[in-house]
Amino acid sequence: MTAGRATTWVHAWDEATGRDRATDAFTASYGTAPDGVWSAPGRVNLIGEHTDYNGGLCLPVPLAHRTYAALRRRDDDTARLVSAWDPTDAVTVELAGVAPGTVEGWTAYVVGVAWALRERGLAVPGFDVAVDSCVPVGSGLSSSAALSCSVALALDAVGALAQDRAALAADCVRAENEIAGAPTGGMDQAAALRTVPGHALLLDCRDQSVRHVPFDPASEGLALLVIDTRAEHALVDGQYAARRATCEEAAALLGVPTLRELTDSPARAASALATLDDGTPEGGVRMHRVRHVLAEITRVQEFVALLDAGRLRDVGPLLDASHASLRDDYEVSCRELDVAVEAARAAGALGARMTGGGFGGSAIALVEAGSVEAVADAVDAAFRDAGLRPPAFVA
Ligand code: GLA
């Protein structure tokens with residue numbers, strides 16, 4: 001181990017700061033005040049990874065880090081957009097012309113929401129918007145969903161649409177899938193719109209039903225350390241889409257609408273895995289992918305049972321098993337994520353795993369409250385020893 005160095009911490013803004021920043025950006029760009037400021041958080045997922053698009057279960061918690069959208073209704077059909085991180089790059093879009101393939105980049109996550117609401121027949125007005133955010137971008141912490149969901153809340157309010165949050169989350173998924181072209185599965189949007197502080201969101205992606213499960217590590221002398229590996233990986237979207245396609249192929253081969261149906265009985269799950277493992281290389285890959293999904297759904301159930309029993313201290317092995325399954329069966333981990341979780345565990349974490357889609361992004365570690373800094377230092381040192389760029393810690 002080499003000597004310690006200053007670790008990098010990415011702190012959340014308090015709400016007043018976020019609102020002021022978005023308001024100032026709005027006023028600077030448009031010379032008038034917004035109708036209001038709406039916000040939505042980034043997330044980490046405690047467990048239940050790559051299960052959402054399989055009709056499975058997941059368990060995200062909101063971050064204190066949020067995206068703030070200052071927005072004002074217009075009387076025409078135009079949308080003007082500006083972001084505080086690039087105020088000179090203002091974009092103007094005619095909403096009537098928005099369709100799949102017409103908009104790119106972060107703009108798609110904003111006007112895509114207006115498009116999705118209109119596809120449902122809702123009367124969405126034109127608007128001016130300025131966004132600012134303290135959700136780290138490209139870190140697997142759902143900065144995209146925080147953006148689309150903050151805009152959904154804003155449009156719902158200025159258009160007096162009175163939509164519930166489950167419906168708005170579905171619109172944001174459509175916006176990301178069809179306008180931004182990201183085949184995301186729905187967990188992130190539910191986390192941004194349907195979580196409440198102090199609770200994890202048990203999301204059942206079969207019917208989008210939710211349960212708010214109390215989650216308060218501090219009350220048990222614990223903390224959740226979020227490690228942004230800052231690993232940049234190419235082909236992320238292609239790999240994500242490939243995993244999703246393999247699962248859909250396997251479900252079709254097995255004659256079920258989603259892999260979730262196979263979790264109804266252990267015997268059914270075992271026979272499905274045996275059927276998939278047909279001796280061909282493709283069959284072997286399918287079996288491994290499906291084995292991860294089925295086991296991960298069970299781990300969510302076990303994790304929630306422990307939370308319900310007040311036994312957060314006992315979830316470590318489930319976190320570790322989830323990471324191993326994502327690394328070995330689902331093959332979405334990477335060196336930086338593996339180094340992060342191994343170093344955290346070696347420094348005393350009760351358990352650790354990658355969180356989010358993988359191929360870079362962030363990991364979480366459940367640690368004693370008094371050892372947060374020590375674990376962060378150990379992870380930072382492990383990155384240095386491995387010749388990796390320094391990670392950041394999200395708090
Ligand atoms: C990304 C996607 C989510 C989910 C996770 C993996 O974050 O946006 O829908 O599939 O990966 O659990």
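Order of listing sets the numbers, starting from 1, for every ligand and every atom in it.
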Between His288 and Asp328, a side-chain donor and acceptor under 3.5 Å: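 There is no such pair between these side chains.
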
Would you say the side chains of Glu176 and Ser144 form a donor-acceptor pair under 3.5 Å?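 The criterion, which ignores hydrogens and geometry beyond distance, is not satisfied for Ser144 and Glu176.
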
Location of contacts on Glu176 toward ligand 1, heavy atoms closer than 4.0 Å: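 Glu176 to ligand 1: no contact under 4.0 Å from either part.
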
Please find the pair of heavy atoms, one from Arg194 and one from Ala166, that lie closest to each other, and give the distance.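 Between these two residues, the closest heavy atoms are CZ-CB, 3.6 Å.
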
For Val379 and Ala344, work out which heavy atoms get closest and say how close.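 For Val379 and Ala344, the tightest heavy-atom pair comes out as CG2-N, 3.9 Å.
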
Starting from atom 5 (C) of ligand 1, what is the nearest protein heavy atom, named by residue and atom, and what distance separates them?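 For atom 5 (C) of ligand 1, the nearest protein heavy atom comes out as Met187 CE, 3.8 Å.
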
Counting non-hydrogen protein atoms only, what is the nearest one to atom 2 (C) of ligand 1? Give residue, atom name and distance.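 The answer is Tyr240 OH, 3.3 Å.
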
Any Arg43 heavy atom less than 4.0 Å from ligand 1: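 A heavy atom of Arg43 does come that close to ligand 1.
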
Check whether any side-chain N or O of Asp132 sits under 3.5 Å from a backbone N or O of Ala84 as a donor-acceptor pair, and report yes or no.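 Such a contact is absent between Asp132 side chain and Ala84 backbone.
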
Report the residue from His292, Arg289, Arg291 that forms a side-chain hydrogen bond (donor to acceptor under 3.5 Å, both in side chains) with Asp329.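 It is Arg291, the one option of His292, Arg289, Arg291 that forms the side-chain hydrogen bond (donor to acceptor under 3.5 Å, both in side chains) with Asp329.
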
Checking the N or O distance criterion of under 3.5 Å, is ligand 1 in contact with [X]?
X     : answer
His50 : yes
Asn45 : no
Tyr53 : no

Check ligand 1 against Gly186 and write out every atom of the ligand that is under 4.0 Å from a heavy-atom position of the residue.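 That gives atoms 9 (O) of ligand 1.
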
If two hydrophobic side chains count as joined below 4.5 Å and joins carry through other members, does Ile364 share a cluster with Val394?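 Ile364 clusters together with Val394.
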
Nearest non-hydrogen atom to atom 8 (O) of ligand 1 belongs to which of Asp188, Asp52, Leu141?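 Among Asp188, Asp52, Leu141, the closest heavy atom to atom 8 (O) of ligand 1 belongs to Asp188.
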
Which is closest to atom 11 (O) of ligand 1 by heavy-atom distance: Ala190, Gly185, Ala182, Gly357?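 It is Gly357 that holds the nearest heavy atom.
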
